[in-house]
Protein chains: 2
Amino acid sequence: MFDNFRRQAVRIDVPRLRPRRAPNALPKVNLAELTPEVLPYLGQAAYIQLAIFESIARAVMLSPTVRAKEALAPAAGVALDKHVKLVAELRRRDDDPAAVMAVFAPAIDRYQAVVRGSDWFESLASIYLTAGILDDFFVLLATGLEGEIGPRASQIVDAASHRDAIVVLLNDAIGSDASLGSRLALWGRRLVGDTLLVARSAIHHTDNARTDEERIEPVFTELIAKHSRRMDGLGLTA
Amino acid sequence: MFDNFRRQAVRIDVPRLRPRRAPNALPKVNLAELTPEVLPYLGQAAYIQLAIFESIARAVMLSPTVRAKEALAPAAGVALDKHVKLVAELRRRDDDPAAVMAVFAPAIDRYQAVVRGSDWFESLASIYLTAGILDDFFVLLATGLEGEIGPRASQIVDAASHRDAIVVLLNDAIGSDASLGSRLALWGRRLVGDTLLVARSAIHHTDNARTDEERIEPVFTELIAKHSRRMDGLGLTA
């Protein structure tokens, strides 16, 4: 699904050098060489925010109480807002944002079906954990974008997620049902692999797979460290 | 379900007189005598906007194309925004907005299940037509609220709905499938009865059922006239 955008990069035989950023703008890992072109970045980031919106909206619908609906709804609004802002950036650069996003839709739809979970609690854990990883990843990736879109995309994706309500709902539920805790701990660990595959697919691949892997590794290490802190916050063993 | 709020009004034996508004603030029908107290008004209006949000979000999820998702998503955002603003008004008056809304949830959830439709097109028609009637109704009803909350609630509910995208999607689909048009015309007519029942349940009932009916009738006539114009816009015979 991602070959449309990848092919373009792979065809270039000359070594690619991207301008390095000032040291204070550098993230812990330098993603400049991994970041895709701006259109595929925005298309994939925008569609992922739409998918996050849909999964939160679904959790709102499936909420057993009005109080839970009420607690979750703002997070759906934030994801939708991020989506709309990323689409606006797309539209400035391409007159058909839906076509840019559509390239990424099948893979992300499949991914969403896999991480949906078998009940409301698994869905909540999945939203909190996978959207956490994906937001972190696209914020990191944005630092590698050339021009003013880098900081702007980073700011859009990094906006307060309002997903803390999920932590409260899950802590309450786990507190009164220990077996739910062990089930969600397993589930939380399972989600990482599929989510990192989505991240991997978004990365600009060169024709040197080994160098790519060496560059990707520290990024994934950082994403997993942050994931583990979110698991801790849920009282789950990562 | 609505007895909690109704009972309070029914118990009052003295005739109730509400201040009349300045002539230029009057809607075509005077709803002052029909408007419930501010808390049940806000609770029901807020929960209905949440239900509209959920049904649009569901239509986004079920969209066959990214383009359709993209077209529908802003309408979900508007309904959520109306919900959040109405809840903010509730919170100023009551420290437990979810409890105020919860009274109305079972009836509205049942209603939403009935008007959901059996496929994506019926869902779209239902959103456009039922949310249209309900928005119109709660805007009308707001004119009867005492104090500054009347105009404010009216303004919140009356905000641009961004549901025009639905008209475009349905016109396209009906244009290429005449049988869909006749099916949706039937469906659109069926929706009115259930939706007016929701409106009826939101009205302040006195102990004079006949007077209530006489007051309600012109309101429903106006709602149905606007509904017929929306049916026309979809190319459907009301």
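Sequence lines set the chain letters: A, B, ... in the order given, protein chains first and strands last, and positions in each chain run from 1. Values reported hereafter were calculated over all heavy atoms of this structure, with side chains retained and with hydrogens, waters and symmetry mates removed.
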| task | Please name the pair of heavy atoms, one in A:L80 and one in B:A73, separated by the smallest distance, quoted to 0.1 Å. | result | CD2-O, 3.6 Å
| task | Side chain from CB out, backbone as N, CA, C, O: work out which of these in A:A76 comes under 4.5 Å of a heavy atom of chain B, or both, or neither. | result | both
| query | Can you tell me how far the CE atom of A:M61 sits from the CG atom of B:D109, to the nearest 0.5 Å? | reply | 12.0 Å
| query | Closest approach of A:V66 and B:A105, non-hydrogen atoms and distance? | reply | CG2-CB, 3.6 Å
| remark: d(A:K69 NZ, B:E54 CD) to nearest 0.5 Å is 3.5 Å
| said: Could you check whether atom CZ of A:R183 has more than 12 heavy atoms from other residues, nucleotides or ligands sitting under 6.0 Å from it? | reply: yes
| query | What do you reckon, is CZ of A:R189 surrounded by more than 12 foreign heavy atoms closer than 6.0 Å? | reply | yes
| task | Considering only heavy atoms and a distance below 4.5 Å, find which of B:P74, B:A99, B:A57 pairs most often with chain A. | result | B:A57
| request: Would you mind checking which part of A:D81 comes under 4.5 Å of any heavy atom in chain B, side chain (CB onward), backbone (N, CA, C, O), both or neither? | output: neither
| task | With a 4.5 angstrom heavy-atom cut-off, could you sort out which part of A:V84 is near chain B: side chain, backbone, both or neither? | result | neither
